[in-house]
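Structure first, commentary second.
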Amino acid sequence: MWKARLSELEFNERELAEVLETIDSEWITSGPRTEAFEKAFARFTGTREGVAVSNGTAALFLTLKALGVGPGDEVLVPSMTFVATAAAVIHCGAKPVLVDISTLENPTMCLDDASRKITARTKAILPVHYAGIPADMDGLSQLATTNRLHLIEDAAHAPGARFQGRACGSFGAAGCFSFFANKNITTGEGGMITTDDPALATKLRLLRSHGMTVSSWDRDKGRPAQYDVLEFGFNFRFDDIRAALGLAQLDKLELLNHQRAELVQRYNRKFSEAGLDVILPFASIPETKAPSYHIYPIVLATPEERDFVAERLKIEGIQTSIHYPPIHHFSAFKNTGDSVNLPFTEAFASRELTLPLYPSLSRSQVDQIVLTVQDALAAPHDRRTMSGLH
Ligand SMILES: Cc1ncc(COP(=O)(O)O)c(C=O)c1O
């Protein structure tokens, strides 16, 4: 149906072979491949430990839990994120305090707004590397240190992204990654927590599997069958079939991110050549940031223009999305009765449009997408009604 989808899988024979080999090995749950994937991912991110979990939401929730975030605590999160970032805080019994983005060009957590929102109850800062654009980690790290707060990175969009040469996911107490199907590398569902703190990693491993002192894989390796439960935990385990996919995907990550970068440069160039009134967040990235180019957001001049362009792209078979409807617009948040004032998030959310981006998207598809946006914006204003489209 779509001529250009928002994202596509980058799987080939390698993923297939690794999965078949895992099934042949007759060990499909958490075992040797999960351990190998954890080690490889931690090495890639430059952290001492990697703890694989069932998804990115579990990574966030478990990290907050393991760091002792609970009732009465506040956690600073951007409103411009996927709902999971705030939900993880809520499920710990704590309160997400919503922070604005810096600007429409830099849709990551605003340092000034974050500092203003720190109270005696604040326990952690949880920035998101939106679209794979590293948040301003120098200022945010400093803010966390000065106020003795945990810094946790929501790095779901940012495997391979770097800030001042250092990998996203290696700055704070922990980095939380997602391997959902649309992510830069995917295992279908899956997540990873990276940390330099071995005690935190031990606690995360314990909580991930019911607080049990011995795992099935340990028992298979000959460890005693008896176990204790040190703390009531969860089943947030990863499995070896997904680890097989993860290992194959991780090998390609740098190449895939490089291909994404090239397509983003082409998008940026074509948009500026067209001279359109659109903001391109990826066109104003400072040299200190090396993004992972997870999605390609543009910001139109008005909400009406955004909706009109999205509709025109859809008619041409080009899939788009909105990243994101902000947390504070959801009924679940409104029901908390908290009021917020987030002017940049408001403007960004009402005017943002996400265009297709994945490594195998062709250059001519990029050109065609920009041309379609250009045509839509050239339509006379009085014809910009949905009924005028047909
Ligand atoms: C910014 C952000 N945080 C957290 C998550 C949650 O990850 P998952 O879908 O793997 O639970 C996602 C993924 O969709 C995300 O985009």
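Numbering of ligands and ligand atoms starts at 1, following listing order.
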F171 ring centre to R166 NZ or CZ under 6.0 Å, with the angle to the axis within 45°? yes
Amino acids contacting ligand 1, non-hydrogen cut-off under 4.0 Å: N55, G56, T57, L60, T81, F82, A84, T85, V128, D154, A156, H157, S178, K183, G190, Y324
Between R363 (side chain only) and R266 (backbone N and O only), is there a donor and an acceptor less than 3.5 Å apart? no
Main chain of S362, side chain of Q365: is a donor-acceptor contact present, judged purely on distance under 3.5 Å? yes
Using the salt bridge (charged side-chain N to carboxylate O under 4.0 Å, His left out) rule, collect all pairs that involve residues 179-199, keeping only residues at least two apart or in two chains. none
Parallel, tilted or perpendicular: rings of Y267 and F271 (30°, 60°): parallel
Give a yes-or-no answer on whether the side chains of T354 and E352 include a donor-acceptor pair shorter than 3.5 Å. yes
